[in-house]
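The first residue of the sequence shown is numbered 1, and numbering continues consecutively from there.
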Amino acid sequence: MIRMLRIPFLSLYTPKVSSASLFGDLLVNHERYSSSIRVTEILKDHVGVSSNRNSLCGFRTFCTGQDLSTKKCVPCASEDLRPMTEEAANELIRQVAGWNLVNESGMLKLNRSWRVKSFTKGLELFTRVAVVAEAEGHHPDLHLVGWNNVTIEIWTHAVGGLTENDFILAAKISELNLQSLLRRKASD
């Protein structure tokens with residue numbers, strides 16, 4: 001039985017060989033490559049991966065030029081997943097306007113605040129964010145301070161720092177239409 005292998009991340013890298021050759025090799029030799037470990041080894045051999053980058057199964061854990069809001073968060077239960085460097089975080093923060101990179105005792109986090117019209121509008125903002133967070137399987141810390149100050153902090157708790165998932169979630173939250181919930185700047 002031939003299994004189809006969907007590899008969406010191949011387009012993000014400059015392959016050493018053509019994807020047709022790679023898939024041909026996988027399909028022709030599908031019995032030899034039945035284990036996911038062997039498939040990962042083949043992909044490492046065929047896809048240019050820099051060894052000086054944080055990686056998950058040999059692949060970079062931070063984003064390339066692809067729009068973050070089009071990406072999907074990946075499970076972060078792997079022992080191989082490490083927090084990104086401050087240098088990598090500084091590159092990605094440019095793609096999430098309105099978010100701040102915060103260093104709390106050596107742990108990097110993303111942070112953003114809003115002033116909402118009312119307490120209930122703050123709860124509605126949380127509900128909208130919760131829908132996105134659940135869909136991504138990646139959950140931020142939500143704070144409602146006072147009756148109208150909302151702050152969201154995002155970091156990957158499992159690694160104690162930032163991963164690409166955090167920037168993906170921030171980008172998706174930024175795309176939410178929150179204008180009806182927010183106070184106008186003139187009255188702040």
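- Of the inter-residue distances, the one linking Leu162 atom CG with Arg82 atom CZ reads 15.5 Å to the nearest 0.5 angstrom.
- Remark: Thr127 OG1 to Leu125 CG distance equals 8.5 Å, nearest 0.5 Å.
- Atom CH2 of Trp114 sits about 6.0 Å away from atom CD1 of Ile173, to the nearest 0.5 Å.
- Between Ala89 and Phe167, the shortest heavy-atom contact is O-CZ, 3.8 Å.
- Val131 and Leu176 end up in different hydrophobic clusters when Ile, Leu, Val, Met, Phe, Trp and Tyr side chains are linked at under 4.5 Å.
- Atoms CZ and OG, on Arg112 and Ser174 in that order, are 4.5 Å from each other to the nearest 0.5 Å.
- Legend: residues meeting side-chain contact (heavy atoms from CB on, under 4.5 Å) with Gln179, ordered by chain and number and at least two apart, are Asn177, Leu182.
- Closest approach of Ala170 to Val96, counting heavy atoms only: CB-CG1, 4.0 Å.
- The CG atom of Asp166 sits 6.5 Å away from atom CD1 of Ile154, with the distance rounded to the nearest 0.5 Å.
- For the residue pair His139 and Glu134, the shortest heavy atom distance occurs at NE2-OE2, 2.7 Å.
- How far CZ of Phe126 is from CG of Leu144: 5.0 Å, rounded to the nearest 0.5 Å.
- Val102 and Leu110 fall into different hydrophobic clusters, where Ile, Leu, Val, Met, Phe, Trp and Tyr residues are linked whenever their side-chain heavy atoms come under 4.5 Å apart, directly or through other members.
- With Thr163 contributing its side chain and Val159 its backbone, the two residues share no donor-acceptor pair below 3.5 Å.
- Inter-residue side-chain proximity for Leu108 and Trp155 is flagged as unmet; no heavy-atom pair is nearer than 4.5 Å.
- Contact check for Val116 versus Arg183: no side-chain heavy atoms found under the 4.5 Å cut-off.
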When you look at Ile168 and Glu136, which way does the side chain to side chain contact (heavy atoms under 4.5 Å, CB included) test go after all the steps?
-> CA-CA 9 Å; Ile168 292 169; Glu136 291 301 314; 4.2 Å; yes
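- Taking the salt bridge (Lys or Arg N to Asp or Glu O under 4.0 Å) definition, one finds that Lys109 meets it with Glu104, sequence neighbours left out.
- Pro140 and Ile152 get closest at one heavy-atom pair: CB-CG2, 3.6 Å.
- Qualifying side-chain contact (heavy atoms from CB on, under 4.5 Å) partners for Thr120, counting only residues two or more places apart in sequence or in other chains: Ser118.
- With sequence neighbours excluded, the residues that form a side-chain hydrogen bond (donor to acceptor under 3.5 Å, both in side chains) with Asn149 are Arg115.
- Of all non-hydrogen atoms in Asn100 and Ile93, the two that sit nearest each other are C-CD1, 4.0 Å.
- Applying the salt bridge (Lys or Arg N to Asp or Glu O under 4.0 Å) rule to Glu124 yields the partners Arg128; only residues at least two apart in sequence or on another chain are considered.
- Judged as a side-chain contact (heavy atoms from CB on, under 4.5 Å), and not counting sequence neighbours, the contacts of His143 are Asp141, Val145, Thr151, Glu153.
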